[in-house]
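Working notes for the structure below.
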Amino acid sequence: MQVDRVFTNCRVATMAAGHPGLGTIDRATIAVANGLIAWIGPSAEAPALAASETIDLGGRWVTPGLIDCHTHIVFAGDRSDEFERRLAGETYADIARSGGGIAATVRATRAASENDLVRLASARLDALAVEGVTTVEVKSGYGLDVETELRQLRAAGRLLAERAMRIEPTFLGAHAVPPDMDRTAYLDRLCNEMIPRVAAEKLAGVVDAFQESIAFSADEVDRVFTAARAAGLKVKLHADQLTDSGGAALAARHQALSADHLEYTSEAGAAAMAEAGTVAVILPGAFFMLKETQKPPIEAFRKAGVSMAVASDLNPGSAPIASLRVSATMACVLFGMTVEEVMLGMTRHAAKALGRSDIGTLETGKRADLAVWSVDRLAELVAKIGPTPLHARYLGGI
Ligand code: NIG
Ligand code: FE
């Protein structure tokens, strides 16, 4: 078999469905052609491989490149003052109602150029890359006007070309009502102007919304999702983060790719998600930073058979945490997820949350996005916080 590159002498966690645990292969070989996995399996069973390059991985572990399936990395400004205000007793919702929170980042982001946004987001992406992340979902939502929302999405699109990272842009115009607009007028603009434009200009394939007492109601999100689906876009939802507003069930009703946060989701909500195949994206960073006490119903998700992903939620307010690994550690310590669950949550299930079947597992025909680790046990990736154990990272085998 003629291929471009062969990786030998490694242990692989394929994360493939239908295999026990993480689908591990001892003494594995991975062959890459045209950016895809041409063959993967035990070295003893490998076909004759003719390659221009063979890379000996020295017995190291290989996993799929990690996927951060929920971030808000395109923004300007700083909100560390809000961290201090929360330490002094104000809540996230208090700060939002007083004109801070998302609105503060909107002011700074509107004042930033596309080049500024690309530069600021690049530094955040680099922090994720050094810990083995190869795909990042990137939301807009800090413009809340046509021009700035589209600028955020264009900046997200440029990151793919300028950084070795796959980017999945998501339109989050329904993040908050802009401070300078009436809510009905803004919803009209979202549904009649912004969503059709995002679809026509192919700036994002997915529409997200924030369903919450301080953001949009279930009826309003229903309207946004109906417009999104009419425009041929998929949907996902910030659901049940601070209160149970039935977000999980609404997401499921719209066949959402994922519902995210979910601290207040009920068992009925979990069952609806299972039925719809909606992924639960667990975001312990925001829970930690906001000193929340209500935990997402992990056991109900397990029982109902909901796929769980873990993401950083990297954003300037509730989760200024540029680390997917630390987020996974928190999902274990704070929410009781297992190491196996969070490993799948950063790979196969995160890919599902993005609606992608070409990444997230290491199987023939999938993209050769690899993270190579200098650890004896994969559990070390989440059992330790500190220097990255990443040895190398390949995007499409390169
Ligand atoms: O996912 N929940 C809403 N949106 C973000 C936070 C946005 C912000 O505070 O800037 C989140 O936590
Ligand atoms: Fe978020």
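- Atom-to-atom distance recorded for I398:CD1 and L370:CG is 11.5 Å, nearest 0.5 angstrom.
- Checked by atom type and distance alone, the side chain of S52 pairs as donor or acceptor with a backbone atom of D4 at under 3.5 Å.
- The main-chain N or O of A13 is never found under 3.5 Å from a side-chain atom of T24 such that the two would form a donor-acceptor pair.
- Atoms CZ and CE, on F83 and M289 in that order, are 5.5 Å from each other to the nearest 0.5 Å.
- Here the CG atom belonging to L66 is positioned 6.0 Å from the CG atom belonging to L324, to the nearest 0.5 angstrom.
- In K234, the NZ atom is not crowded: 12 or fewer heavy atoms of neighbouring residues, nucleotides or ligands sit closer than 6.0 Å.
- Counting non-hydrogen atoms of other residues, nucleotides and ligands closer than 6.0 Å to CD of E275 gives a total of 12 or fewer.
- No hydrogens or angles considered: a donor-acceptor pair under 3.5 Å links the side chains of E131 and S323.
- A distance-only check finds no donor-acceptor pair linking the side chain of T109 to the backbone of V106 [under 3.5 Å].
- Proximity of a side-chain donor or acceptor of S43 to a complementary backbone N or O of A28 within less than 3.5 Å is detected.
- Side-chain contact between R97 and E90: absent, with no pair of heavy atoms (C-beta onward) separated by less than 4.5 Å.
- The pair E82-R85 does not meet the salt-bridge criterion, since no charged nitrogen lies less than 4.0 angstrom from a carboxylate oxygen.
- With hydrogens and angles ignored, the 3.5 Å screen pairs a side-chain donor or acceptor of E220 with a backbone N or O of S217.
- Put simply, the side chain of E114 never gets that close to the backbone of A155: no donor and acceptor are under 3.5 Å apart.
- Looking at D68, D369, D358 one by one, the single match for salt bridge (charged side-chain N to carboxylate O under 4.0 Å, His left out) with R166 turns out to be D369.
- Between R223 and D188 a salt bridge is recorded (basic side-chain N to carboxylate O distance below 4.0 Å).
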- Determine, stepwise, if the pair H70 / D313 fulfils side-chain hydrogen bond (donor to acceptor under 3.5 Å, both in side chains). CA-CA 5 Å; H70 181 139; D313 194 14; 2.9 Å; yes
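- Within the model, atoms CG of L22 and CE of M343 stand 6.5 Å from one another, a figure rounded to the nearest 0.5 Å.
- With sequence neighbours left out, A331 forms a side-chain contact (heavy atoms from CB on, under 4.5 Å) with P284, V310, M337, V342.
- Note: S327 OG to I282 CD1 = 12.0 Å, rounded to the nearest 0.5 Å.
- The environment of R302 atom CZ is dense: over 12 non-hydrogen atoms of other residues, nucleotides or ligands sit within 6.0 angstrom.
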- Task: Before giving the answer on side-chain contact (heavy atoms from CB on, under 4.5 Å), spell out for T338 and C332 the whole-Å C-alpha distance, their side-chain angles and the decisive distance to 0.1 Å.
- Result: CA-CA 6 Å; T338 66; C332 294; over 6 Å; no
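- The side-chain hydrogen bond (donor to acceptor under 3.5 Å, both in side chains) test with D208 singles out one residue from K236, H72, K139, and that residue is K139.
- In this structure, H261 and H238 have tilted ring planes: the angle between them lies in the 30° to 60° band.
- No side-chain donor-acceptor contact under 3.5 Å links N315 and R124.
- Proximity of a side-chain donor or acceptor of D126 to a complementary backbone N or O of A123 within less than 3.5 Å is not detected.
- Across W61, Y394, F7, a single residue satisfies side chain to side chain contact (heavy atoms under 4.5 Å, CB included) together with V372, and that is Y394.
- Ring orientation note: the planes of Y142 and F75 are nearly perpendicular, at an angle over 60° on the 30°/60° scale.
- The side-chain hydrogen bond (donor to acceptor under 3.5 Å, both in side chains) with R110 is formed by just one residue from the set D145, T105, T148; it is D145.
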- Apply side-chain contact (heavy atoms from CB on, under 4.5 Å) to the pair L242 and E292, showing each step before the final yes or no. CA-CA 8 Å; L242 308 170; E292 296 291 345; 3.3 Å; yes
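- Residue-environment remark: CZ (R189) stays at or below the threshold of 12 foreign heavy atoms within 6.0 Å.
- Atom-to-atom distance recorded for L262:CG and K295:NZ is 15.5 Å, nearest 0.5 angstrom.
- Ion pair R5/E53 flagged as a salt bridge, since at least one NZ, NE, NH1 or NH2 atom sits closer than 4.0 Å to an Asp/Glu carboxylate oxygen.
- Panel note: side chain S258, backbone V281; no donor-acceptor pair is recorded below 3.5 Å.
- A donor-acceptor contact shorter than 3.5 Å is absent between the side chain of S140 and the backbone of Q152.
- Side chain of R163 to main chain of A121: no donor-acceptor pair is present (N/O by atom type, distance under 3.5 Å, no hydrogens or angles).
- Applying the side-chain contact (heavy atoms from CB on, under 4.5 Å) criterion to R197, with sequence neighbours excluded, gives V146, L150, R154, E201.
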